Structure formats: C-alpha cells, structure tokens
Amino acid sequence: MKTYSLILIVVLLTCLSLLIYWNTLSHQFVNVGDTSLIVQNPFIKSLALENIMRIFTPGTVETYQPICTLSYALDYYFWRLNPTGYHLTNIVCHTVNTLLVFLMAYLLSRTGWFEILPNRLLLISLAALIFAVHPIHVEAVAWVSGRCEILTTTFTLASLSCFFWIFSLKTQSRRWIQPIGYGLSLMFLAAGVFTKPSVVILPLLNLSLLKPDVLTALAVLGITAILTLLAWKRSEFVFLGIVWFFVSVLPVTNIIPIATIKADRYLYLPSAGFCLVLAWLIVRGEDVLTRVVKTRLVRIGYWAIISVVIISYSFQTVQRNRDWKDSHTLWSATLEITPDSSIALNNLGLIYTRQGEYEKAQVLYEQSINVRPDQEHVEAVYVNMAENYAAQQMFDEAIEHYQHALETNPEYVEAYLGLASMSIQLQQYAHAEQIYAQALELDRQQDRIYTRLGNLYALQNKHAEAQAYFQKALDLNPFDMNAYNGMGLSYARSGDVEKALELYQHALTLDPDVAILHNSLGSLYLELGQTEKAIAAFMASLNIEPENNEVRNNLGIVYLQTGRYEDAARAFMTALTYQPNHAQILSHLGIAYTHLGLYEQAIQMYQWAIESDASFVQAHVLLGDVCLGTGQIACAREAYQNALQLQPHNHDILDKLETIKSAGPGE
C-alpha cells in the first residue's frame with residue numbers, strides 16, 4: 001500500500017468521524033447518568049493526588065470505573081460544567097476508535113494468519129468507515145455517560161493492535177519488538193479493565209436455563225456457533241469478526257443480571273467485529289460479481305447501492321444525535337418510539353415537575369405506573385408523584401403517595417425523607433423528628449438524614465443541635481454540600497456571620513459548582529449590604545443552574561435595591577420564561593415597571609399575580625398603590641379592600657383606605 005493513500009484515508013476518516021457527531025457539541029447534560037456521574041459527582045472536581053487515589057480505591061465511588069471517572073475529572077478541569085467539552089471528548093474518542101479499527105484491520109491483513117484478502121485497502125477502509133457512521137453508536141457517543149463504552153473500546157482495540165503489530169512484523173524483527181508489544185498490549189488491557197470491569201460466568205451456572213425462552217436463545221446461539229465454525233473454513237477474517245462480536249457482547253447478555261437489560265451502547269465494542277464482517281462481505285460480493293457479470297455498469301450499480309446504505313447510516317446518525325439534545329428532547333423522542341417506556345414517562349415527568357407543569361407531570365407518572373405496575377423501583381415513581389403534589393401544596397395527596405412508596409418498599413429512605421418534609425411544612429416538628437428516627441434505624445450511614453435533622457433543628461432556632469447533626473453528616477460524607485449549606489445558614493441565623501462566610505468559602509473550594517452554596521453566599525452578602533459581591537454570587541449560581549428561579553428572583557431583588565430597574569426587569573422576565581405563573585416574580589416585575597414609569601404594564605403584572613395566587617396580599621397592595629399613584633381611585637379602593645379581607649387587622653392597609661376616602665369618590 002502506498003503511504004500517501006494511507007495518509008489520505010486516515011485524514012478522511014478523521015474528518016468524517018468528527019463531522020458526523022459535530023451537532024452534539026451544543027447538547028446539554030441529560031437527567032439520566034449525567035447528573036450523578038458528572039454534575040453532582042464530587043470526585044471529578046479535583047485532580048489532586050489524594051482525590052485520584054480515592055477514585056481508584058474500590059468502594060469509595062459508587063460506580064467503580066476509575067479511568068472513566070478520571071476522564072470526567074480531566075474534562076472538569078478544563079471545562080467545569082460546560083457540557084460542550086464533555087461532548088467534544090466523546091467525539092475525539094470515537095474518532096480515535098475509528099482509526100484504531102482501521103489500524104487493527106490493517107495489521108490483521110499483514111499477519112499472514114488469514115486468507116489473501118481481495119482489495120485489502122478497500123476492505124479495511126470500509127470497515128473503519130462503517131464503524132465511523134453506524135447509527136448504533138449514537139447512544140455511546142452523543143450521551144456523555146456513554147463514555148465508558150467508548151474508552152473500553154479504545155483500550156481494547158489498542159491492546160489488540162499492539163498484539164497484531166508483533167505478528168505483522170518479519171520474524172527477525174520480533175525478538176526485540178515482542179517485549180514492547182506485549183507490554184503495551186497488557187497495559188492497554190489493564191486500562192480497559194479499570195475503565196469498565198466485567199464478570200462473566202458459564203451459562204450452565206444459571207438455573208434459569210430451564211426456562212423455555214432461555215432454551216430458545218441457546219438454540220439460536222448454537223446455530224450461530226455452527227455457522228461461525230463454517231466461516232472458519234470459508235474465511236478466517238469473517239470468523240474473527242463473528243467471534244469478536246459475540247465475545248465482546250457476552251458481558252452484557254444478562255448471564256449475570258445487570259441493571260439495564262439492553263441498550264445500544266452495549267454494541268459499541270461488539271460492532272467492530274460486525275464492521276469487519278460486513279466490509280468483507282461487501283468486498284467479496286464485488287469480487288464475485290466481477291467474475292460472474294463482467295459488465296462495468298453492474299459494478300457501478302453495486303457500489304451505488306453500498307454508497308446509499310452508508311449515506312443512510314450517516315443520515316440516521318446525525319438525526320438520532322438530535323434526540324440527545326437535552327432531557328426533554330431525549331424522553332419525548334423515546335416516547336414517540338416506545339410510548340409504554342416507564343423510564344421515559346417517569347423522567348419526562350420529573351422535567352415537567354421542575355418546570356412547574358404539574359398536571360402534565362402527574363399524567364406521566366400515572367401512565368408510568370399503569371404501564372408497568374411491577375416495574376423495578378416503582379416506589380421511586382410514587383415518591384416523584386408525592387413531590388409533584390407537594391409542590392402544589394396538596395399535602396394530603398403527597399402523604400398518601402409517600403405511604404404508597406413505603407408499602408411497596410418499607411426500607412425506601414426517600415419516602416421517609418419526603419414524609420418528614422411534609423410534617424415540617426405542616427409545622428409538625430416532633431412528628432418529623434420521629435420519621436427521621438425511623439429512617440436512621442434503617443440506615444445510620446445516610447448523611448442526608450443527618451443533614452435533614454440539622455435543617456429541622458435550625459428551623460426551630462436550635463442551632464447548637466443543628467450544627468451537631470450537620471457535622472455528623474460531614475463526618476460521613478465530607479462532600480455533602482447540603483450539610484455545608486445548612487450549617488452556614490445556621491451560623492448566619494445565630495449571628496455568627498463570619499463563621500458562615502468561612503464555611504461557604506471552604507465548601508466552594510471543595511466543589512465550586514454547587515449552585516445552592518453560591519445562592520446562600522449571595523443572600524448573606526445581601527444582608528451585609530455588599531451588593532456587588534451578592535450579584536457576583538447569584539450570577540455564579542445561575543451559570544451553574546440557569547433555570548433556578550429562586551436565584552434569578554434574588555438577583556432581581558438586588559437590582560431593585562440598587563436602582564438598576566432595567567436589569568431587574570430583565571432578570572424577572574427571564575425567570576417568568578421558566579415559571580410564567582409565579583405570583584411573587586410577577587409582583588417583583590411590577591415593581592420594576594413602576595420604577596421605570598411603565599404603570600400600565602405594572603398593573604398588568606399585579607393582576608396576573610393575583611390571578612395566580614389570590615391570597616397574595618402584597619400583590620393586592622402593590623396594585624392599589626400604582627392605581628392610586630396614577631389617579632385610578634376605584635381600582636385602588638378595590639385592591640385595598642381585597643387586601644383587607646385577607647388581613648383585616650393590617651393597619652397599613654387601613655391607612656391607605658382612609659387616604660382614598662379623604663381623596664373623594666374618584667372615578
């Protein structure tokens with residue numbers, strides 16, 4: 001093979017592999033895998049030697065995939081929580097894998113182990129090309145949490161390439177090359193094991209073999225095995241491809257049950273064998289066709305069909321990439337294909353709950369349970385339903401669903417935490433404490449329970465007890481940012497502002513991407529009158545969680561207090577894009593409009609706030625104020641009277657009504 005031909009092919013494969021997934025660079029993290037592995041994973045926030053040792057220590061990280069976790073830590077170092085960088089890493093790794101498929105096929109063709117391959121350069125180029133564009137790879141590449149499949153494939157292909165490199169050399173060159181080749185091969189193999197450990201046992205050890213569906217599967221595998229042996233006689237190259245596929249797919253065949261029964265990403269490594277076989281069949285097909293039909297037009301037609309297939313692969317890949325744009329897009333696309341997916345229904349429901357679209361969320365949760373009442377972890381769906389009701393202040397329904405969750409799984413700690421939260425909102429503090437005690441009986445190693453107890457005592461101004469519980473939580477989990485946040489609030493409320501500031505700043509050195517800490521720090525700066533620092537803290541929080549309306553509302557309040565009314569209006573309007581019916585934010589926007597002299601718009605905001613929450617006294621009063629200020633006496637009188645019905649003994653409202661009476665009948 002000519003060197004320039006190889007270089008040209010490598011360049012083209014590189015460009016194609018990058019371009020085919022380029023549209024994923026604008027994608028966000030999704031609420032499955034990405035949240036726990038990246039956004040909320042404290043172990044990726046530092047490249048200090050101590051933290052790297054934790055990553056490689058079994059039992060420290062929940063999912064032991066140290067090389068994969070380390071790759072996220074490297075991404076975090078350069079990109080923080082900007083998903084673009086994480087997607088770029090996936091694309092680059094996929095490109096490397098495409099080139100490794102090309103390299104491995106090239107080395108295989110030089111080992112002398114296989115039959116003389118027709119059109120060798122064409123065959124190995126096709127294998128790599130198919131691997132680059134095949135749509136089965138979308139889940140592994142377009143989903144950041146699919147990284148482990150990609151890296152496992154990288155190390156496996158690299159290990160085998162080193163092995164085949166030894167045998168592709170001439171005999172006299174192997175003496176000094178062999179130790180290097182074997183050493184590199186073993187090194188890459190070890191890296192693959194540390195990326196994704198897999199355990200496989202013999203099928204006969206599983207008693208479920210007696211089931212008819214398993215026997216059927218074994219029959220299919222038996223037939224495949226016979227065909228594979230026949231392939232050895234026909235083509236060793238095809239034999240290797242088939243064996244490659246089945247051996248690499250073996251760890252995820254549920255011989256030992258795993259959490260996910262089937263997924264496209266599990267075929268990322270096995271597909272390399274498929275690509276080898278398919279490329280061989282295409283090239284062999286052309287060879288046979290040339291010998292049987294010598295017309296050039298037929299050959300052109302043959303390659304036109306192959307080209308259409310490969311182009312269709314590319315088109316499908318680009319299209320399917322779009323399904324992974326964000327959580328909403330992902331689960332909506334999933335439901336279009338599989339409307340009865342309980343996981344998609346539940347996860348889309350979570351998105352609607354976060355967006356305040358509670359009715360839509362409720363429908364999806366109910367569908368999830370109706371579709372699969374026996375689904376694994378159905379108790380989590382009941383808890384999600386309960387939290388959806390709780391967000392609407394429907395406490396009886398929320399409590400009922402928390403109890404449903406406990407009936408399904410009496411040891412589900414999340415349900416206990418939810419029930420305690422309901423008791424706190426109903427100001428039943430003693431009952432909440434009893435529920436937390438029940439949760440501790442189930443698991444005394446749950447730092448979250450101690451954190452919640454700390455919050456409960458802080459709410460009752462029992463700050464010494466609160467801080468003791470927060471410390472217990474931190475002893476169990478030094479990265480419990482909720483415990484740091486609660487302890488900081490407790491110090492601030494007890495008057496030790498300096499200690500609170502010190503605690504927040506220390507916590508942010510451990511994990512600078514915790515939105516709630518930046519928000520609390522901003523609120524503390526606001527109380528101290530340090531408005532610029534407060535704005536910077538709130539902005540930092542929003543950079544991490546752009547949809548957090550509490551923070552956006554706080555930022556708008558700072559702008560109001562500092563006379564930056566246009567900035568305040570922008571902050572509140574942005575918040576309303578996430579929660580259009582939020583009464584408090586509507587009222588704050590009305591205040592900004594009032595200061596800007598946009599009185600009609602202000603009146604509209606107050607009226608919408610009242611429509612959203614008729615019991616919101618401040619909205620009635622503010623409406624009365626702006627109506628009075630613009631000479632609309634009847635409007636002001638009605639607004640104040642409505643406010644007075646809600647708070648009959650409010651002297652400020654009574655004084656405002658007296659002012660109106662002295663002004664005369666008005667309109």
Side-chain angles (χ1 to χ4, degrees), residues 355-356 518-519 522-543 545-644 646-647 650 652-653 655-657 659-660 663-664 666-667:
Q355 294 175 345
H518 288 288
N519 183 42
S523 298
L524 192 56
Y525 282 135
L526 188 58
E527 289 180 18
L528 295 171
Q530 301 179 25
T531 54
E532 291 305 315
K533 287 185 177 180
I535 290 171
F538 291 138
M539 291 297 294
S541 183
L542 286 173
N543 286 335
E545 291 185 3
E547 298 179 11
N548 191 319
N549 265 0
E550 179 189 350
V551 182
R552 205 168 288 280
N553 185 51
N554 289 341
L555 180 62
I557 291 171
V558 181
Y559 288 141
L560 284 178
Q561 292 182 357
T562 54
R564 297 167 60 176
Y565 301 119
E566 290 184 357
D567 290 335
R570 278 192 289 270
F572 294 132
M573 284 190 290
T574 304
L576 289 171
T577 62
Y578 298 108
Q579 286 182 284
N581 300 317
H582 195 292
Q584 188 180 55
I585 296 174
L586 286 164
S587 291
H588 286 158
L589 181 55
I591 294 171
Y593 281 148
T594 301
H595 283 288
L596 291 169
L598 303 172
Y599 302 118
E600 291 304 315
Q601 291 93 325
I603 289 172
Q604 182 69 78
M605 292 304 110
Y606 297 138
Q607 289 172 338
W608 283 348
I610 292 167
E611 288 176 11
S612 298
D613 185 0
S615 65
F616 188 26
V617 176
Q618 186 189 20
H620 291 285
V621 173
L622 289 169
L623 176 59
D625 290 346
V626 74
C627 286
L628 182 61
T630 54
Q632 303 178 53
I633 305 302
C635 166
R637 182 184 298 111
E638 181 183 359
Y640 290 142
Q641 287 172 343
N642 289 334
L644 194 62
L646 295 168
Q647 291 185 358
N650 189 310
D652 288 336
I653 300 172
D655 291 343
K656 290 175 186 290
L657 278 170
T659 302
I660 289 177
E667 297 172 350

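If you're wondering where the values come from, they're calculated on a predicted model, not measured in any experiment.
For Leu586 against Ser612, the heavy-atom pair with the smallest separation is CD1-OG, 4.0 Å. Nearest heavy-atom pair across Ile585 and Phe572 is CG2-O, 3.6 Å. Residue Leu657 comes nearest to Leu644 through the heavy atom pair CD1-CD2, 3.7 Å, listed as atom of the first residue, atom of the second, then distance. Between Ala636 and Gly624, the shortest heavy-atom contact is CB-O, 3.4 Å. When all heavy atoms of Val621 and Lys656 are compared, the closest pair comes out as CG1-CE, 3.9 Å. Nearest heavy atoms, His588 versus Leu560: O-CD1, 4.2 Å.
Thr594 contributes no side-chain N or O that, together with a main-chain N or O of Ala602, makes up a donor-acceptor pair within less than 3.5 Å. Side chain of Asn549 to backbone of Ala575: a donor-acceptor contact under 3.5 angstrom is found. Using a distance-only test at 3.5 Å, with no hydrogens or angles considered, a donor-acceptor pair links the side chain of Tyr640 to the main chain of Asp625. Looking only at distances, a side-chain donor or acceptor of Thr659 sits under 3.5 Å from a matching main-chain atom of Asp655. Between the side chain of His620 and the backbone N or O of Glu638 there is no donor-acceptor pair closer than 3.5 Å. Put simply, the side chain of Arg552 gets close to the backbone of Pro546: a donor and an acceptor are under 3.5 Å apart.
With hydrogens and angles left out, the side-chain atoms of Asn519 and Asn548 include no donor and acceptor closer than 3.5 Å.
In this structure the side chain of Glu550 never reaches within 4.5 angstrom of the side chain of Asn553, judged on heavy atoms.
Atom CG of Leu623 and atom OH of Tyr606 lie 8.5 Å apart (nearest 0.5 Å). Rounding to the nearest 0.5 Å places CD1 of Ile535 at 5.0 Å from OG1 of Thr562. Atoms OG and CG, from Ser523 and Leu528 in turn, are 11.0 Å apart once rounded to the nearest 0.5 Å. Here Gln355 contributes atom CD and Tyr578 contributes atom OH; the two are 10.0 Å apart, rounded to the nearest 0.5 Å. A distance of 5.0 Å separates CG in Leu622 from CD1 in Ile591, rounded to the nearest 0.5 Å. For the atom pair NE2 (His582) and CG (Asp613), the distance works out to 10.0 Å, reported to the nearest 0.5 Å.
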_As a quick check of understanding, evaluate side-chain contact (heavy atoms from CB on, under 4.5 Å) for Thr531 and Tyr559, giving each step before the final call._
CA-CA 9 Å; Thr531 54; Tyr559 288 141; over 6 Å; no
*Dump the intermediate steps for side-chain contact (heavy atoms from CB on, under 4.5 Å) on Leu526 and Asn554, then the final yes or no.*
CA-CA 9 Å; Leu526 188 58; Asn554 289 341; 6.0 Å; no
*Passes side-chain contact (heavy atoms from CB on, under 4.5 Å), Val551 versus Glu545? Steps please.*
CA-CA 9 Å; Val551 182; Glu545 291 185 3; over 6 Å; no
*asked:* Let's go through Glu600 and Ile603 carefully: what are the C-alpha distance in whole Å and the side-chain angles of both, what is the deciding distance for side-chain contact (heavy atoms from CB on, under 4.5 Å) to 0.1 Å, and is it a yes or a no?
replied: CA-CA 5 Å; Glu600 291 304 315; Ile603 289 172; 4.3 Å; yes
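More than 12 non-hydrogen atoms from other residues, nucleotides or ligands lie less than 6.0 angstrom from CD of Gln530. No more than 12 heavy atoms of other residues, nucleotides or ligands lie within 6.0 Å of OH in Tyr599, so this atom counts as exposed by the packing criterion.
Under the 30°/60° scheme for interplanar angles, the aromatic rings of Tyr565 and His595 are found to lie parallel.
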